[in-house]
> 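Handing you this structure, nothing more for now.
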Amino acid sequence: MKVPLLDLKAQYSTIKKELDEALIRTAESQYFILGPEVGKLEENICKYLKCKYAVGVSSGTDALLIALMAIGIKPGDEVIIPDYSFFATAGVVSRLNAIPVFVDIDLKTYNIDASKVKAKITKKTKAIIPVHLYGQTAEMNALAEIAKKHGLKIIEDGAQAIGSQYSDGRYSGTIGDIGCFSFFPSKNLGCFGDGGMVTTNDETLYEKLKILRVHGSKPKYYHKIIGGNFRLDAIQAAVLNVKLPHLNGWSEGRRKNARLYTELFIKSGLSTGSGSTDYKDGGRVLLPEAIYESAGHQNYHIFNQFVIRVKERDELRTFLSGKEIGTEIYYPIPFHRQECFKELMSDKRYTDGEFVFSDTAAAETIALPIYSELSAEQIKYVVDSIKEFYASHS
Ligand SMILES: *Cc1c(COP(=O)(O)O)cnc(C)c1O
């Protein structure tokens with residue numbers, strides 16, 4: 001049985017007619033840059049996330065970049081980020097000649113460990129970028145408290161987390177000063193290329209984001225500030241306007257699959273349940289911390305990725321690949337080990353071995369297929385195959 005990590009064609013086939021119509025409509029309009037489809041998407045996103053303002057941009061990376069520009073990040077400023085994320089989270093900080101300051105993660109959630117942020121704050125610190133990794137909201141209350149006390153801005157990297165909710169029911173991306181989203185095809189809400197969105201409840205930031213999106217010009221050809229071309233294409237917005245009403249269903253599908261994985265891993269004897277970070281009591285397969293009830297709002301996780309931890313990660317990956325099961329490593333190298341950040345690491349703000357948890361995650365995590373259209377048989381096949389691997393590894 002084939003189980004790809006992600007099957008975009010499976011999703012496309014369920015709404016092909018609507019999507020094809022939207023593409024043709026855009027072609028016939030010959031309106032390609034921003035325009036009514038983008039405006040409509042921004043309105044739809046505000047309604048969906050219950051926030052005041054949304055600005056469609058060219059990618060999730062550009063969403064982060066424009067957000068940092070909007071809050072006025074300057075060369076030499078420090079921005080605190082988790083040590084473990086997709087590269088863009090760190091890259092955008094460096095591209096503004098600011099300094100990304102890395103903080104270790106919490107192994108239970110793989111998100112930034114809020115309790116370790118305070119120690120990294122200096123006079124130069126201007127902002128924190130929590131990443132809602134794999135689709136689970138970071139510990140926002142603790143971060144908000146620190147930010148308030150030290151006068152820092154919070155830019156949420158919600159690229160993997162559109163529709164996820166914090167424990168109080170607020171949507172990821174609407175809790176900090178600016179929220180950033182990606183519509184890269186493999187995200188939970190993906191377009192037909194690159195796209196992104198920034199959200200805010202602050203009118204001043206909203207006005208600035210809109211101006212920065214078009215080279216900083218307002219009125220046209222008059223530049224008080226320098227922005228860039230950060231525009232979202234009409235064709236991507238048209239696709240997203242069709243897809244957005246389906247997002248909750250897809251997220252529920254992913255959650256259902258996560259629940260089934262959890263049940264099957266427990267039944268197989270490989271795991272004792274979700275949320276353990278220790279092989280001694282968690283079993284050979286450590287499952288993501290996940291609270292599956294939608295009621296009561298306990299961190300509504302949307303599972304952009306279903307990531308397990310195993311000691312024999314690379315061997316298991318090879319084995320599963322032989323079984324035609326797609327997996328991925330998010331991410332094999334934490335920021336503090338990236339060659340491009342080597343110079344930063346000689347800084348005395350860091351101590352030896354302080355990134356023990358991001359190192360552990362990089363060495364032991366593996367993402368299994370979780371997309372909404374997976375069948376129960378496919379999930380069972382994945383768990384059975386992992387069981388087969390461990391049968392010969394005891
Ligand atoms: C995908 C992703 C981004 C970047 O989004 P793009 O649309 O690919 O530019 C940023 N941060 C995280 C955590 C991501 O997963």
Side-chain angles (χ1 to χ4, degrees), residues 5-6 8 38 41 45 54-69 79-96 100 102-103 105-106 109-112 127-140 143 154-164 172-173 175-176 178-199 213 228-233 235-237 239-240 243 251 254 288 301-307 328-335 338 358 361-362 365 367 370-371:
L5 182 66
L6 179 63
L8 288 173
V38 172
L41 178 67
I45 290 283
V55 178
V57 295
S58 29
S59 70
T61 305
D62 285 345
L64 290 164
L65 187 60
I66 201 175
L68 292 178
M69 291 168 82
V79 178
I80 293 175
I81 66 170
D83 185 46
Y84 190 64
S85 176
F86 178 63
F87 183 74
T89 315
V92 291
V93 178
S94 295
R95 284 169 63 190
L96 293 173
F102 310 126
V103 168
I105 55 164
D106 176 350
T109 60
Y110 303 106
N111 283 327
I112 191 166
I128 307 171
I129 311 181
V131 179
H132 308 309
L133 202 69
Y134 307 146
Q136 182 171 29
T137 315
E139 201 34 76
M140 294 305 290
L143 294 171
I154 294 184
I155 306 296
E156 297 177 67
D157 183 342
Q160 301 183 6
I162 192 161
S164 70
S172 293
I175 304 168
I178 301 178
C180 302
F181 296 102
S182 164
F183 302 129
F184 186 79
S186 68
K187 311 293 177 168
N188 282 30
L189 181 64
C191 61
F192 285 1
D194 280 308
M197 187 70 67
V198 281
T199 50
R213 175 170 68 175
N229 173 359
F230 296 122
R231 296 179 301 240
L232 180 65
D233 289 341
I235 205 159
Q236 304 304 349
V239 165
L240 292 163
K243 283 192 170 193
S251 297
R254 286 167 180 268
H301 192 326
I302 57 151
F303 290 100
N304 178 243
Q305 303 297 344
F306 186 84
V307 172
E328 190 50 87
I329 314 296
Y330 301 111
Y331 298 87
I333 306 175
F335 293 147
Q338 292 290 354
S358 61
T365 56
I370 190 69
Y371 61 93

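Atoms within each ligand, like the ligands themselves, are counted from 1 in listed order.
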> Within the structure, does G60 bring an N/O atom to less than 3.5 angstrom of an N/O atom in ligand 1?
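Yes.
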> How are the rings of Y331 and F86 set relative to one another: parallel (under 30°), tilted (30 to 60°) or perpendicular (over 60°)?
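It falls in the tilted class, 30° to 60°.
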> Which is closest to atom 11 (N) of ligand 1 by heavy-atom distance: L64, D157, L133?
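Answer by nearest heavy atom: D157.
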> Against heavy atoms of V131, which atoms of ligand 1 measure under 4.0 Å?
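Near V131, meaning under 4.0 Å from one of its heavy atoms, ligand 1 has 13 (C).
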> Could you check atom 3 (C) of ligand 1 against the protein and tell me its nearest heavy-atom contact, residue, atom and distance included?
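Looking only at protein heavy atoms, the one closest to atom 3 (C) of ligand 1 is F86 CD2, 3.5 Å.
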> Any idea how F303 and H301 line up, ring-wise: parallel (<30°), tilted (30 to 60°), or perpendicular (>60°)?
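Answer is parallel, since the angle falls under 30°.
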> In terms of residue, atom name and distance, what is the protein heavy atom nearest to atom 7 (O) of ligand 1?
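The protein heavy atom lying closest is S182 OG, 2.6 Å.
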> Any atoms of ligand 1 less than 4.0 Å from a non-hydrogen atom of S85? List them with their elements.
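Those atoms are 13 (C).
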> Under 4.5 Å between any side-chain heavy atoms of V198 and C180, yes or no?
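The answer is yes; the side chains approach within 4.5 Å.
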> Should one rank P82, S186, A159 by closest heavy-atom distance to atom 12 (C) of ligand 1, which comes out on top?
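Among P82, S186, A159, the closest heavy atom to atom 12 (C) of ligand 1 belongs to A159.
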> Please report which non-hydrogen protein atom sits nearest to atom 14 (C) of ligand 1, along with the residue it belongs to and the distance in Å to one decimal place.
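Protein heavy atom with the smallest distance to atom 14 (C) of ligand 1: K187 NZ, 3.0 Å.
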> Looking only at protein heavy atoms, which one is nearest to atom 4 (C) of ligand 1, and how far off is it?
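Checking every protein heavy atom, the shortest distance to atom 4 (C) of ligand 1 gives T61 OG1, 3.5 Å.
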> Which label fits F335 and F102: parallel for a plane angle under 30°, tilted from 30 to 60°, or perpendicular past 60°?
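Answer is tilted, since the angle falls between 30° and 60°.
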> Got a donor-acceptor contact below 3.5 angstrom from the K243 side chain to the G190 backbone?
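A pair under 3.5 Å: yes.
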> Would you call V131 and I81 a side-chain contact if the rule is heavy atoms closer than 4.5 Å?
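Not touching, per the 4.5 Å side-chain cut-off.
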> Heavy-atom distance under 4.5 Å between the side chains of N188 and S251, does that happen here?
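Of all side-chain heavy-atom pairs linking S251 with N188, at least one is under 4.5 Å.
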